[in-house]
Amino acid sequence: MAVPFIDIKRFEPGFLDTWNEKVKSMSVNAQFIGGNEVTDLETNLATWAETKYAIGCANGTDALQLALRAVGVGRGDKVLLPDSTFWATFEAVVNVGGDPYTVDTNPIDLQMDFQVFKEAVEKVKPKAALVVHLYGWGTANIEELRKFCKEKNVALIEDGAQCFGVRHNGKSLYKDALISTTSFYPAKVLGAAGDGGAVFTNDEELSIVTRRLVNHGRTSHYEHGLVGWNSRLDSLQAAFLNLSLKHLQARIDSRKKSQNIYYKELPGLGIGVIKPPKDYEENGYCNVTLVDPEVRPKIEAVLKDKGIGFGNIYPGAMSDQPGAKPYLVERFGKDGNARRISKSVLNFPLFAYMTDSELDEVFSAIKAYNYNANK
């Protein structure tokens with residue numbers, strides 16, 4: 001049995017019928033921009049995130065750029081960001097005119113190294129910093145990080161593209177952030193039927209600036225107080241997300257059920273599993289294992305032969321990307337953890353409503369590798 005790395009076509013009974021009727025109704029009434037679906041979604045998102053404000057936008061990359069612009073980052077401003085992340089985090093800094101500095105990775109929680117970050121802040125004196133909540137959890141030092149940035153007057157933007165639904169100490173991970181973002185790319189835990197994103201904050205002024213930037217900097221229909229751009233979240237995407245939110249907890253529970261089976265079974269198969277730091281309730285976004293870089297291609301070859309999907313999130317450090325070379329000012333951290341981890345990380349299939357038989361196929365493939373390796 002082939003098992004995909006992710007399957008985004010597994011909807012609840014009746015979901016597609018409801019969605020098709022919604023599309024028909026909205027199309028008949030030409031409800032394509034703005035309207036109740038968008039305002040309802042922002043209310044629903046704020047409830048989930050436990051923040052005062054949620055502002056929908058066109059995609060997760062725009063959400064980062066909106067947050068950076070909202071805290072005042074512009075041409076020549078220094079910004080720290082993790083060396084382990086998706087490219088969008090780096091390019092968002094460049095796109096708003098900032099100067100990016102990368103910070104190495106902590107080998108324990110695989111998030112940005114807090115000690116290296118503190119040293120970088122003292123040297124660089126940045127205007128802002130980005131922390132990325134990878135893998136469906138976040139850094140073990142999130143509270144200290146927020147406190148430190150506040151003390152040092154560094155605006156901290158939290159990239160939450162992978163952590164919608166994550167809780168820390170019983171609260172939404174977004175709740176206590178100055179400003180945070182998410183992506184609704186279809187493969188996310190809460191995915192749209194296309195691109196989409198959102199910005200979260202409890203700060204009224206940041207919410208006002210963000211909302212203006214989303215819509216050409218408008219202060220009224222033909223008055224523009226800021227130079228923004230068109231990053232409106234369209235109504236059909238909002239409608240799809242509103243429907244999905246009704247099932248989101250069931251999807252998260254399903255993901256976590258499969259993830260817990262991985263936690264139980266993989267160590268016995270010789271696969272090292274990374275778990276979230278204490279006090280986190282993860283959302284089941286992905287599983288994270290680290291294997292010997294020399295062994296990983298051999299495991300992947302068996303998985304490929306058996307039709308089992310896999311991923312490497314992420315396969316390289318930001319500072320090593322060809323596109324980073326003209327812009328990167330400095331890389332902090334002497335251990336090269338981001339590089340090392342990127343050569344070791346291996347992700348097995350994980351998605352909502354994965355079946356026991358599919359999990360068995362994954363484990364069977366790993367056993368086949370072990371058998372061949374030990375012959």
Side-chain angles (χ1 to χ4, degrees), residues 3-11 45 48-49 59-61 63-64 82 84-89 105-106 109-112 130-140 142 158-168 171-175 177 180-192 195-198 200 241 244-245 247-264 266 271 273-290 309-315 341-342 345-354 358-359 362:
V3 182
F5 178 56
I6 186 169
D7 189 344
I8 60 174
K9 303 184 299 296
R10 300 196 181 183
F11 300 109
L45 291 174
W48 264 86
N59 54 71
T61 307
L64 291 169
S84 292
T85 184
F86 179 57
W87 180 243
T89 315
T105 306
N106 183 302
D109 62 12
L110 306 190
Q111 312 289 316
M112 184 170 66
L130 275 157
V131 62
V132 182
H133 302 313
L134 288 175
Y135 310 124
W137 63 79
T139 172
I142 184 61
E158 302 188 22
D159 180 345
Q162 297 182 7
C163 74
F164 195 87
V166 171
R167 303 184 69 78
H168 181 257
K171 301 181 291 185
S172 165
L173 185 53
Y174 300 107
K175 182 174 183 178
S180 56
T181 70
T182 198
S183 166
F184 300 126
Y185 181 73
K188 302 300 183 185
V189 170
L190 177 60
D195 272 318
F200 304 104
L241 290 165
S244 296
L245 276 169
H247 303 281
L248 183 59
Q249 191 58 57
R251 296 178 186 181
I252 290 175
D253 290 345
S254 174
R255 283 173 171 267
K256 289 170 67 175
K257 179 182 176 182
S258 295
Q259 192 165 49
N260 285 331
I261 295 174
Y262 277 124
Y263 286 153
K264 179 182 177 182
L266 287 179
I271 303 294
V273 178
I274 303 297
K275 292 184 178 181
K278 71 181 185 73
D279 300 326
Y280 274 96
E281 296 174 43
E282 56 191 319
N283 63 2
Y285 176 68
C286 71
N287 59 63
V288 186
T289 71
L290 296 181
F310 59 88
N312 308 124
I313 304 174
Y314 289 103
I341 291 166
S342 69
V345 69
L346 178 61
N347 311 101
F348 296 101
L350 184 60
F351 46 88
Y353 310 127
M354 193 175 180
E358 287 173 324
L359 286 163
V362 177

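- Of the inter-residue distances, the one linking F351 atom CZ with R251 atom CZ reads 13.5 Å to the nearest 0.5 angstrom.
- The structure places CG of L173 at 8.0 Å from OG of S180, a figure rounded to the nearest 0.5 Å.
- Minimum interatomic distance between L45 and A198 (heavy atoms only, all atoms of both residues): CD1-CB, 4.0 Å.
- A heavy-atom distance below 4.5 Å is not found between the side chains of L130 and M112.
- Separation of atoms CG (L266) and CG (N287) is listed at 7.0 Å; rounding is to 0.5 Å.
- Tested against I274, the residues I341, V288, V345 include a single side-chain contact (heavy atoms from CB on, under 4.5 Å) partner, V288.
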F200/Y174 under ring pair (Phe, Tyr, Trp, His ring centres under 6.0 Å): CA gap, chis, key distance, verdict: CA-CA 7 Å; F200 304 104; Y174 300 107; 4.6 Å; yes
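- Without hydrogens or angle criteria, N283 side chain to Q162 main chain gives a donor-acceptor distance under 3.5 Å.
- When all heavy atoms of S244 and L190 are compared, the pair lying nearest together is CB-CD1, 3.8 Å.
- Between R167 atom CZ and K175 atom NZ the span is 8.0 Å, to the nearest 0.5 Å.
- What you find for T139 and Y280 is that their closest heavy atoms are O-OH, 2.7 Å.
- L245 is listed as a side-chain neighbour of W48, based on a closest heavy-atom distance under 4.5 Å.
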Worked check of side-chain contact (heavy atoms from CB on, under 4.5 Å) between L350 and Q259: CA-CA 7 Å; L350 184 60; Q259 192 165 49; 3.9 Å; yes
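- With salt bridges taken as basic N to acidic carboxylate O contacts below 4.0 Å, one links D7 and R10.
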Trace of the side-chain contact (heavy atoms from CB on, under 4.5 Å) decision for L346 with N312: CA-CA 5 Å; L346 178 61; N312 308 124; 3.9 Å; yes
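- Within a 6.0 Å sphere centred on OH of Y353, other residues, nucleotides and ligands contribute more than 12 heavy atoms.
- Between the side chains of E158 and H133, at least one donor N or O lies within less than 3.5 Å of an accepting N or O.
- Although no hydrogens or angles enter the test, the distance criterion places no donor-acceptor pair under 3.5 Å between the side chain of T181 and the main chain of L64.
- The CD atom of E282 lies 13.5 Å from the OH atom of Y135; values are rounded to the nearest 0.5 Å.
- Between the side chain of D109 and the main chain of A140, a donor-acceptor pair closer than 3.5 Å is present.
- Between the side chain of N59 and the backbone N or O of T61, at least one donor-acceptor pair lies under 3.5 Å.
- When every heavy atom of F348 is checked against every heavy atom of Y262, the shortest pair comes out as CB-OH, 3.7 Å.
- The two residues Y285 and R255 have their closest heavy-atom pair at O-NH1, 3.2 Å.
- Residue P277 comes nearest to W137 through the heavy atom pair CD-CD1, 3.4 Å, listed as atom of the first residue, atom of the second, then distance.
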Pair T289-N347, side-chain contact (heavy atoms from CB on, under 4.5 Å): steps then yes or no: CA-CA 6 Å; T289 71; N347 311 101; over 6 Å; no
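- Using a 4.5 Å heavy-atom cutoff, the side chains of N106 and Q111 are not in contact.
- Between the CG atom of L110 and the OG atom of S84 there is a distance of 7.5 Å, given to the nearest 0.5 Å.
- For the pair K188 and F164, the cation-pi criterion (under 6.0 Å, within 45° of the ring axis) is not fulfilled.
- Side-chain atoms of V189 and L248, non-hydrogen and from C-beta on, do get closer than 4.5 Å to each other.
- With contacts defined as side-chain heavy-atom distances shorter than 4.5 Å, the pair V362/M354 qualifies.
- In this structure, S254 contributes its side chain and A352 its backbone to no donor-acceptor pair below 3.5 Å.
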